[in-house]
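Comments concern the structure below.
Hydrogens, waters and symmetry mates are skipped; everything else that's a heavy atom, side chains included, is used.
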Amino acid sequence: MPQSHSAGKPGRVLLFDELRGLSILLVVIYHGAFDLIAVYGVRIPIFDAPLLQKFLQPLFAGLFVFISGAVSRYSRSNLRRGLACFACGLLITLVTGLLPMVPDRFGILHLLGASMVLFALLRPLLDRLPTAAGFLVFFTLFFFCRRVPDGVFGFPPLAAQLPESWYTASPWLFPLGFPQPWFESADYFPILPWTLLFFAGSYLGVWARAGRLPSFCYRGRLPALQTVGRKSLWIYLLHQPVLVLLLGAFVWLARGVLGLPI
């Protein structure tokens with residue numbers, strides 16, 4: 001029989017808040033560097049390092065998505081939260097479209113909103129899977145679909161090239177993970193593969209609510225990060241326009257007043 005996905009007394013996992021707080025701070029730093037390069041033409045050689053672009057940035061963004069999936073088990077209205085989050089993502093698209101930079105067409109907020117809505121609609125089916133099986137299935141699918149936006153399913157030696165027609169048939173398939181070759185987005189986290197990671201995290205949330213994680217997960221150590229983690233949506237929503245203004249003032253001061261060659 002599948003395990004119950006609603007059993008257990010809810011308990012807040014403070015480690016989740018701390019990890020979300022750390023993740024969102026790192027995202028803000030990353031976007032600050034991106035804005036300096038894309039908007040103000042500042043050279044930051046380390047920004048293009050393969051370790052950062054191919055490993056660290058997806059790692060911390062993925063951690064944020066994974067934990068968001070886990071805390072979805074604590075929400076009473078993922079559908080409402082998802083629609084609100086997606087609307088915030090559309091606002092980010094509008095704001096970045098008005099700035100001298102590549103627009104954010106489907107970033108973290110779009111993804112989280114879509115994932116919450118899909119989770120709310122599919123929850124009766126998802127809850128039929130035993131918790132351990134659901135976690136393993138979606139975590140494995142995430143890794144096999146990790147390169148779907150690049151036209152590849154799986155990874156060597158179990159990799160297959162996906163049909164080119166999936167990426168050229170329509171300009172509106174990019175939210176699913178099938179962008180056209182000339183598609184650009186300042187931040188891009190499509191449903192495939194990232195919603196699969198969100199779903200995997202939702203099964204971790206089952207264990208979390210039942211009190212089955214190690215005890216240290218429920219004890220806080222870093223209150224400041226916990227606060228940042230609880231306000232992560234607002235921080236993500238507001239950080240780009242604030243960064244653009246603050247960094248603009250910094251660049252003006254450095255170049256125009258101090259004459260620094262940045």
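- Between F250 and L246, every side-chain heavy-atom pair lies at or beyond the 4.5 Å cut-off.
- Members clustered with V117: L79, L83, L121, by chain and number, using a 4.5 Å side-chain heavy-atom cutoff among hydrophobic residues.
- Ring pair F119/F199 is tilted by interplanar angle, where 30° to 60° counts as tilted.
- Considering CZ of R128 and CG of L122, their distance stands at 11.5 Å, rounded to 0.5 Å.
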| query | Given the rule in the side chain to side chain contact (heavy atoms under 4.5 Å, CB included) test, do L25 and V228 qualify, once you have shown the distances and angles that lead to the verdict? | reply | CA-CA 8 Å; L25 288 178; V228 172; 4.1 Å; yes
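- The main-chain N or O of V244 is found under 3.5 Å from a side-chain atom of Y40 such that the two form a donor-acceptor pair.
- You'll find the side chain of R20 reaches within 4.5 Å of the side chain of V71, heavy atoms only.
- Here CG of L238 is found 12.0 Å from NZ of K231. Values are rounded to the nearest 0.5 Å.
- In terms of heavy atoms, L247 sits closest to G32 at CD1-O, 3.4 Å.
- The closest donor-acceptor contact from the side chain of S185 to the backbone of R105 lies under 3.5 Å.
- For the pair S23 (side chain) and A61 (backbone), a donor-acceptor distance under 3.5 Å is absent.
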(Q) Would Y218 and R12 count as a side chain to side chain contact (heavy atoms under 4.5 Å, CB included) here? Give the steps. (A) CA-CA 6 Å; Y218 300 88; R12 191 172 190 94; over 6 Å; no
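- Summarising the geometry, atom OG1 belonging to T195 is positioned 12.0 Å from atom CZ belonging to F189; distances are rounded to the nearest 0.5 Å.
- Taking each heavy atom of A200 and F139 in turn, the nearest pair found is CB-N, 3.8 Å.
- Using bins of under 30°, 30° to 60° and over 60° for the plane-to-plane angle, the ring pair F34/F47 lands in the tilted bin.
- With Y167 as the partner, the ring pair (Phe, Tyr, Trp, His ring centres under 6.0 Å) test is satisfied by one option alone out of F183, W182, F178: F178.
- From Y236, atom OH reaches atom NE2 of H239 across 5.5 Å, with rounding to the nearest 0.5 Å.
- Taking CH2 of W234 as the start and CD1 of I24 as the end, the distance is 13.5 Å to the nearest 0.5 Å.
- Ring planes of Y188 and F174: tilted class, angle from 30 to 60°.
- Remark: side-chain polar atoms of E18 are paired, donor with acceptor, to backbone N or O of L222 under 3.5 angstrom.
- Taking CZ of R230 as the start and CG of D17 as the end, the distance is 4.5 Å to the nearest 0.5 Å.
- One hydrophobic cluster, built from ILVMFWY side chains closer than 4.5 Å, holds both L111 and L59.
- Heavy atoms of other residues, nucleotides or ligands lying less than 6.0 angstrom from CG of L245 number more than 12.
- In the hydrophobic cluster analysis, where Ile, Leu, Val, Met, Phe, Trp and Tyr join through side-chain heavy atoms closer than 4.5 angstrom, I235 is grouped apart from L14.
- Side-chain N or O atoms of R73 include one that pairs as donor or acceptor with a backbone N or O of S202 at under 3.5 Å.
- Taking 4.5 Å as the limit, some side-chain heavy atom of V251 sits within range of a side-chain heavy atom of L36.
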Next on the checklist: Quick one, Q161 with F153, criterion side chain to side chain contact (heavy atoms under 4.5 Å, CB included). Give me CA distance, side-chain angles, the key distance, then yes/no.
Outcome noted: CA-CA 6 Å; Q161 198 75 29; F153 178 78; over 6 Å; no
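- Minimum interatomic distance between C217 and V13 (heavy atoms only, all atoms of both residues): O-CG1, 3.1 Å.
- Residues L196 and L158 fall within the same hydrophobic cluster, defined by Ile, Leu, Val, Met, Phe, Trp and Tyr side chains chained together at heavy-atom separations under 4.5 Å.
- Side-chain contact between L233 and C85 is present, with heavy atoms from C-beta onward closer than 4.5 Å.
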Could you go step by step and tell me if L112 and R81 meet the side chain to side chain contact (heavy atoms under 4.5 Å, CB included) rule? CA-CA 9 Å; L112 292 180; R81 288 176 62 241; over 6 Å; no
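- The minimum heavy-atom distance linking W207 with T131 is given by the pair CE2-CG2, 3.4 Å.
- Note: F143 and F155 fail the aromatic proximity criterion, with ring centroids not under 6.0 Å apart.
- Among all heavy-atom pairs drawn from S72 and N78, the shortest one is O-ND2, 3.0 Å.
- Here the closest non-hydrogen pair linking D104 and I92 is OD2-CG2, 3.6 Å.
- Counting heavy atoms from C-beta outward, S75 and M116 have side chains that stay 4.5 Å or more apart.
- Side-chain heavy atoms closer than 4.5 Å link hydrophobic residues (I, L, V, M, F, W, Y) into clusters, and following such links, possibly through other members, connects L22 to Y30.
- Figure legend: R221 and F216 shown without cation-pi pairing, the cationic atom not lying both under 6.0 angstrom from the six-membered ring centre and within 45 degrees of its axis.
- Looking at heavy atoms from C-beta onward, P190 lies in side-chain contact with P149 at the 4.5 angstrom threshold.
- Considering only heavy atoms from C-beta on, P181 comes within 4.5 Å of T168 through its side chain.
- Hydrophobic clustering (ILVMFWY, side-chain heavy atoms < 4.5 Å, transitive): L192 and W166 are in one cluster.
- Contact annotation: the side chain of T93 approaches that of H110 to within less than 4.5 Å [non-hydrogen atoms, C-beta and beyond].
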